[in-house]
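Here the structure is a predicted model, which means the values were calculated and not measured.
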Amino acid sequence: NAKNVKQMLLDWCRAKTEPYEGVDIQNFSSSWKDGIAFCALVHRFFPDAFEYSILNPNKPKENFQLAFSTARLAGCPPLLDADDLVRMHEPDWKCVYTYIQEFYRCLVEKGLVKTKKRP
């Protein structure tokens with residue numbers, strides 16, 4: 001069921017970013033608009049890639065670029081463009097959702113996320 005998958009992914013994002021200051025994921029749109037949530041999610045899996053504590057929520061373009069370039073370590077293609085995201089009042093939820101799905105899939109493929117085996 002698509003709604004369950006969407007909720008599961010949102011819950012997963014919340015759980016993975018919970019320890020990060022400045023991140024409060026409520027949806028796949030406005031919660032991601034400054035790039036900090038993307039950075040926190042990526043940092044959770046690649047903590048040596050950059051220093052999270054020095055990120056500035058007032059520099060969304062730089063945050064998006066950092067998150068997307070670091071996500072490539074998981075083999076995740078740059079499906080979103082930082083310039084496009086900055087131009088929007090808030091990101092299109094379908095774009096964010098698609099990117100997070102792909103990042104999750106890449107992490108599973110690399111063995112960085114354990115999934116429940118289906119019988």
Side-chain angles (χ1 to χ4, degrees):
N1 174 318
K3 192 175 183 200
N4 290 347
V5 171
K6 186 179 171 197
Q7 188 59 50
M8 182 278 304
L9 206 56
L10 194 64
D11 292 344
W12 177 78
C13 290
R14 278 193 196 117
K16 294 301 175 193
T17 59
E18 192 267 328
Y20 288 86
E21 200 172 314
V23 179
D24 180 25
I25 296 175
Q26 298 298 319
N27 55 50
F28 283 112
S29 185
S30 59
S31 297
W32 304 83
K33 71 180 178 194
D34 61 7
I36 297 293
F38 281 113
C39 286
L41 187 60
V42 171
H43 189 265
R44 181 69 183 251
F45 294 94
F46 302 101
D48 298 330
F50 59 90
E51 185 63 49
Y52 179 83
S53 64
I54 63 168
L55 296 177
N56 182 343
N58 296 314
K59 294 189 172 183
K61 182 177 177 179
E62 288 84 350
N63 297 334
F64 291 131
Q65 289 171 331
L66 178 64
F68 301 154
S69 64
T70 306
R72 289 181 177 185
L73 295 171
C76 188
L79 301 175
L80 298 178
D81 180 72
D83 288 319
D84 290 343
L85 291 170
V86 171
R87 274 194 290 273
M88 296 180 209
H89 171 65
E90 53 185 45
D92 179 337
W93 76 265
K94 291 183 260 359
C95 296
V96 174
Y97 177 60
T98 300
Y99 184 85
I100 299 299
Q101 272 186 308
E102 182 63 14
F103 182 59
Y104 181 85
R105 189 194 65 73
C106 291
L107 291 170
V108 168
E109 214 168 75
K110 290 242 185 271
L112 296 169
V113 169
K114 304 288 179 250
T115 57
K116 292 187 179 101
K117 298 279 183 252
R118 293 217 162 100

Problem - Pairing residues for Asp83 by the side-chain contact (heavy atoms from CB on, under 4.5 Å) criterion, not counting sequence neighbours - result: Lys61, Asp81, Arg87
Practice task
List for me each residue that meets side-chain contact (heavy atoms from CB on, under 4.5 Å) alongside Pro78, sequence neighbours excluded, and say none if there are none.
Solution key: Arg72
Practice task
Using the side chain to side chain contact (heavy atoms under 4.5 Å, CB included) rule, take Ile25 and Leu41 through it: C-alpha gap first, then chi angles, then the decisive distance, then the call.
Solution key: CA-CA 11 Å; Ile25 296 175; Leu41 187 60; over 6 Å; no
Mind checking the [atom1]-[atom2] spacing from [X] to [Y]? Nearest 0.5 Å is all I need.
{"X": "Phe68", "Y": "Asn63", "atom1": "CZ", "atom2": "CG", "result": "10.0 Å"}
{"X": "Glu21", "Y": "Ser53", "atom1": "CD", "atom2": "OG", "result": "9.5 Å"}
{"X": "Cys76", "Y": "Glu109", "atom1": "SG", "atom2": "CD", "result": "10.5 Å"}
{"X": "Lys59", "Y": "Asp34", "atom1": "NZ", "atom2": "CG", "result": "13.5 Å"}
{"X": "Trp32", "Y": "Cys13", "atom1": "CH2", "atom2": "SG", "result": "4.0 Å"}

Non-hydrogen atoms of [X] and [Y] that approach each other most closely:
{"X": "Pro77", "Y": "Cys106", "answer": "CD-SG, 4.4 Å"}
{"X": "Phe45", "Y": "Leu112", "answer": "CE2-O, 3.8 Å"}
{"X": "Leu73", "Y": "Lys110", "answer": "O-CE, 3.5 Å"}
{"X": "Lys33", "Y": "His89", "answer": "CD-O, 4.1 Å"}
{"X": "Arg44", "Y": "Thr17", "answer": "NH1-N, 4.5 Å"}

Handout entry: Stepwise side chain to side chain contact (heavy atoms under 4.5 Å, CB included) check, Val42 with Phe103
Key = CA-CA 9 Å; Val42 171; Phe103 182 59; 4.0 Å; yes
Problem - Neighbour count >12 (heavy atoms, 6.0 Å) for atom CD, Gln26 - result: yes
Practice task
Kindly state whether the ring of Phe38 and the ring of Tyr99 have centres lying under 6.0 angstrom apart.
Solution key: yes
Is any side-chain heavy atom of [X] closer than 4.5 Å to a side-chain heavy atom of [Y]?
{"X": "Leu55", "Y": "Leu66", "result": "yes"}
{"X": "Leu85", "Y": "Pro60", "result": "no"}
{"X": "Glu62", "Y": "Asn56", "result": "no"}
{"X": "Asp11", "Y": "Arg14", "result": "yes"}
{"X": "Ile100", "Y": "Tyr97", "result": "no"}
{"X": "Lys94", "Y": "Phe28", "result": "no"}
{"X": "Val113", "Y": "Tyr104", "result": "yes"}

Handout entry: Partner residues of Glu18 under the salt bridge (charged side-chain N to carboxylate O under 4.0 Å, His left out) criterion, sequence neighbours left out
Key = none
Exercise for the section: Quick one: do Asp92 and Val96 satisfy side chain to side chain contact (heavy atoms under 4.5 Å, CB included)? Show the steps, please. Expected result: CA-CA 7 Å; Asp92 179 337; Val96 174; over 6 Å; no
Problem - Any residue meeting side chain to side chain donor-acceptor pair (under 3.5 Å) with Glu90, in chain and number order, not counting sequence neighbours - result: Ser29
Handout entry: Counterpart residues, side chain to side chain donor-acceptor pair (under 3.5 Å), relative to Gln65 (two or more places apart)
Key = none
Handout entry: Asn27 side chain to Ser31 backbone, donor-acceptor under 3.5 Å
Key = yes
Practice task
Using the test ring pair (Phe, Tyr, Trp, His ring centres under 6.0 Å), find all partners of Phe50 that sit at least two apart in sequence or belong to another chain.
Solution key: His43
